[in-house]
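Fair warning: this is a prediction, and the values are worked out from it, not measured in the lab. Note on naming: letters A, B, ... go to the chains in the order of the sequence lines (proteins, then strands), and numbering restarts at 1 for each one.
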There are 2 protein chains.
Amino acid sequence: MTQEQTDPRHLDFWSFVDHAITRTARELPDVDRRAMRLVLTLHRAANMLVYDLESTVHRPRGLSWPGFRVLFVIWLTGQVEAKKVAELSGMSRAAVSALVGTLERDGLVVKERAPHDGRAVHLGLTERGRETITDAFSAHNVREQEWAGALSEDEQTTLIALLEKMTTRSTRFDARRRT
Amino acid sequence: MTQEQTDPRHLDFWSFVDHAITRTARELPDVDRRAMRLVLTLHRAANMLVYDLESTVHRPRGLSWPGFRVLFVIWLTGQVEAKKVAELSGMSRAAVSALVGTLERDGLVVKERAPHDGRAVHLGLTERGRETITDAFSAHNVREQEWAGALSEDEQTTLIALLEKMTTRSTRFDARRRT
DNA sequence: CCCGACTAATCAAAGCTTTGATTAGTTCTG
DNA sequence: CAGAACTAATCAAAGCTTTGATTAGTCGGG
């Protein structure tokens, strides 16, 4: 019932995925190892990337990662409804609402009632918001290039295509999305 | 200075990446579009995957995504120090400490002082913890297979290889990692 | 033996996220 | 035109995350 335990002391961040797959397959023989490795690897890659970008680029500029994302969306769309920002950034409306609170307090975003709909709020950047996002995005892209540079251009193109294929096909089995 | 704004109302979650790249390249001509697309696509894929797994598999079983990850690591390693769990799961020690608090309260994890080091805490699963993680992981893997099934086996293998290459090479430019 | 350096865990404060309820404003329908 | 149905935003409560400080225990050198 209880699995035999090997000594975990030799494990580290890098060897953990292999260990996890081997051991899980022993416990649960029906497991699809390839799918398991795919999800573990994808999750880990995204986490590392975000942690690195946030700590080297955004926090030093006083932005959080979600704050950067919201600012980025508003920068690219101009005046937008908060609802749209939530949809485009993949966040919940409540999260955007809270986030805009701090961005407004920090003088990066302005909020005003929409002219033809008393419920909606239109968001826009302040001058300082614009300066912040262009500076942050430039540094962000430099760092992105370091990450992408681990792969050849063809490899990058392939990776993008595979990720896009996986996400667009996820609608076929009704993957849950934020509404 | 201020960019001309197109009407953002026609934009949606799927078209946003293309729009973002086109518009950013217009504003900041030096941007590397491929690197930009890579990071946007990777981040989005990982988010969709986690959101789907968490809402269809884990929340219905009373687990959060981070809670699942911690339980998973303890399941695979047996008795471990909290520090090791943090290292293997890629979380901070403080996060693990807080998370273990709720997992212990929910009767899934037990905490005991390490025999030969009065500072360390050893973590283990309760019987209920073991039942919970095996049930959750089985459902988790079924769902993973749906995601992976969007790609052929060769494509899955390629995707895994590219992600691994990118993450292992990230050490070459000193990507920040949690310590 | 004891002091200083180190290390494990936890705490504290601030911020972000989630779901579900609430408030306010709009639109459809009879 | 009034009420019902709907929609945008916000609030509330609970949980997770981060960094930096604190507490407690270990260990090596003088």
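Between B:Phe72 and B:Phe137, the two ring planes are parallel [angle under 30°; tilted spans 30° to 60°].
For B:Arg44 and B:Phe16, the positive end is not near the middle of the six-membered ring at less than 6.0 Å and at most 45° from its axis.
Nearest-nucleotide assignment on DNA chain D puts the 5′-proximal partner with A:Ala98, out of A:Ala98 and A:Glu54. Comparing A:His116 and A:Ala94 along DNA chain C, the residue whose closest nucleotide (by nearest heavy atom) sits nearer the 5' end is A:Ala94.
If you take CH2 of A:Trp65 and P of C:dA14, they are 26 Å apart, rounded to a whole angstrom. Residue A:Phe68 contributes atom CZ, which lies 18 Å from atom C1' of C:dG15 at whole-angstrom precision. Atom pair A:Asp106:CG and C:dC16:C1' shows a separation of 14 Å (rounding to whole Å applied). Summarising the geometry, the separation between CZ on A:Arg59 and P on C:dG15 is reported as 11 Å, rounded to the nearest angstrom. Between A:Met91 atom CE and C:dC16 atom C1' the separation is 9 Å, expressed in whole Å. One atom, NE2 of A:His58, and another, P of C:dC16, lie 14 Å apart when rounded to the nearest Å.
Less than 6.0 angstrom separates the ring centroid of B:His43 from the ring centroid of A:Trp65.
Exactly one residue among A:His140, A:Arg130, A:Arg61 makes a side-chain hydrogen bond (donor to acceptor under 3.5 Å, both in side chains) with A:Asp135. That residue is A:Arg61.
For D:dC16, the OP1/OP2 oxygens have a side-chain nitrogen or oxygen of B:Thr102 closer than 4.0 Å.
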The contact string for nucleotides 2-9 of chain C, one letter per nucleotide 5' to 3', using protein heavy atoms under 4.0 Å with B, S and - for base, sugar-phosphate only and none, comes out as -----BBB
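Side-chain polar atoms of A:Asp154 and A:Thr157 form no donor-acceptor pair below 3.5 angstrom.
A salt bridge between B:Arg37 and B:Asp18 is present, with a side-chain N of the basic residue lying under 4.0 Å from a carboxylate O of the acidic one.
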